[in-house]
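Everything on this sheet refers to the single structure shown next.
Protein chains get the first letters and strands the later ones, always in sequence-line order, with residue 1 at the start of each. Computed from a predicted model, the values in this text were never measured in an experiment.
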There are 2 protein chains.
Amino acid sequence: MVGDVFAADCRARIAFEVLANRWDSVVVFILGESGPMRPRAMLDRIGGISPKVLNQALRRLEYNGLVRRHRYAEAPPRVDYSLTEAGTALIGPIRAMGAWAAVYGDAVVSARDRADGL
Amino acid sequence: MVGDVFAADCRARIAFEVLANRWDSVVVFILGESGPMRPRAMLDRIGGISPKVLNQALRRLEYNGLVRRHRYAEAPPRVDYSLTEAGTALIGPIRAMGAWAAVYGDAVVSARDRADGL
DNA sequence: CTGTATCCCTTACGATACTG
DNA sequence: CAGTATCGTAAGGGATACAG
């Protein structure tokens, strides 16, 4: 039943709000794959994202309770981020999306090209 | 392995690009649940979305090859939208996200309240 | 009923430079 | 290295009015 997810109070729509941007799902994904990571490593891992934007994504994820920040009191500032329980539970659905992309990614590109060609 | 999804050519990131906005995943979801629908019905089904924004979402989805538009040559304009094969294949992952929200939605709200309270 | 056209607002994004 | 500040751009969203 649809109501299960789209209750009148709209609370269940949070699933689609939380990741409704370009990078958050990517960050959750790599944290799920690689475990706790430092921002520098994430920047290397993800191509095409600036330090500032990555930080924005991490703050959003932290705000939503999907990511946790660890600060180590060391001379060169050291920090890493890890998934919370809620964040960890999300990597299943996200990997399912990744699997979908592996199958239908080309179809999407083709559809775009076709639409642009008109 | 991570590379499976995040190849160097970044093509696999399409999974996260395609639904990186507020409404597209919602539209795919309800089309998957209810089958082909007319815009009017979708507006009623989804609360808090204007006709214009719904149309924008539908055009994006059509552009990405997830949704197909059917036009019936009738006096009062009649139209409905249905999922393509790629779109249909996406409802599984999306429902998984919905299931996640059913479990962790409250946790997200709590995390936000806690963050706002500081 | 469908879809488009404005207008305005908000937010993400991107590049750069700078502080702790 | 981590994070912030600032600037500018682009796109989505919301409301309304209007056209096919």
Item to check | Residues that A:Arg38 engages under side chain to side chain donor-acceptor pair (under 3.5 Å), provided they are two or more places apart | outcome: none

Next on the checklist: Strictly by salt bridge (charged side-chain N to carboxylate O under 4.0 Å, His left out), give each pair with a member in residues 50-65 of chain B just once, sequence neighbours left out.
Outcome noted: B:Asp24-B:Arg60

Checklist entry - Taking only residues two or more places apart in sequence or in another chain, which ones pass side chain to side chain contact (heavy atoms under 4.5 Å, CB included) with B:Ile91? => result B:Val28, B:Leu83

Which donor-acceptor pairs under 3.5 Å do side chains of residues 65-77 of chain B form with protein atoms, sequence neighbours excluded?
residue: B:Arg69; atom: NE; partner: B:Tyr81; partner atom: OH; Å: 3.3
residue: B:His70; atom: NE2; partner: B:Ser82; partner atom: OG; Å: 3.3
residue: B:Tyr72; atom: OH; partner: B:Asp80; partner atom: OD2; Å: 2.9

Next on the checklist: Strictly distance-based, threshold 3.5 Å: is any side-chain N or O of B:Trp23 a donor or acceptor partner for the main-chain N or O of B:Gln56?
Outcome noted: no

Next on the checklist: Going 5' to 3' along DNA chain C, which are the first and last nucleotides with any atom under 4.0 Å from a heavy atom of chain A?
Outcome noted: C:dA12 to C:dG20

Checklist entry - When rounded to the nearest 0.5 angstrom, what distance separates CD in B:Glu85 from OH in A:Tyr104? => result 4.0 Å

Next on the checklist: Holding to side chain to side chain donor-acceptor pair (under 3.5 Å), I want the full list of residues that pass it with B:Arg40, two or more places apart in sequence or in another chain.
Outcome noted: B:Asp44

Checklist entry - Taking protein heavy atoms under 4.0 Å as touching, what does nucleotides 2-15 of chain D look like 5' to 3' if B marks base contact, S marks sugar-phosphate-only contact and - marks none? => result SSBBB-----SBBB

Checklist outcome for this item: Contacts of B:Ser50 meeting side chain to side chain donor-acceptor pair (under 3.5 Å) (sequence neighbours excluded), chain-then-number -> none

Checklist entry - Mind checking whether B:Thr88 and B:Leu31 have side chains closer than 4.5 Å, heavy atoms only? => result no

Item to check | Pairing annotation in dot-bracket form, given for DNA chain C with Watson-Crick or G-U pairs under 3.5 Å and | for cross-strand partners | outcome: ||||||||||||||||||||

Item to check | Results of side chain to side chain donor-acceptor pair (under 3.5 Å) for B:Asn64 - residues two or more places apart only | outcome: A:Arg112

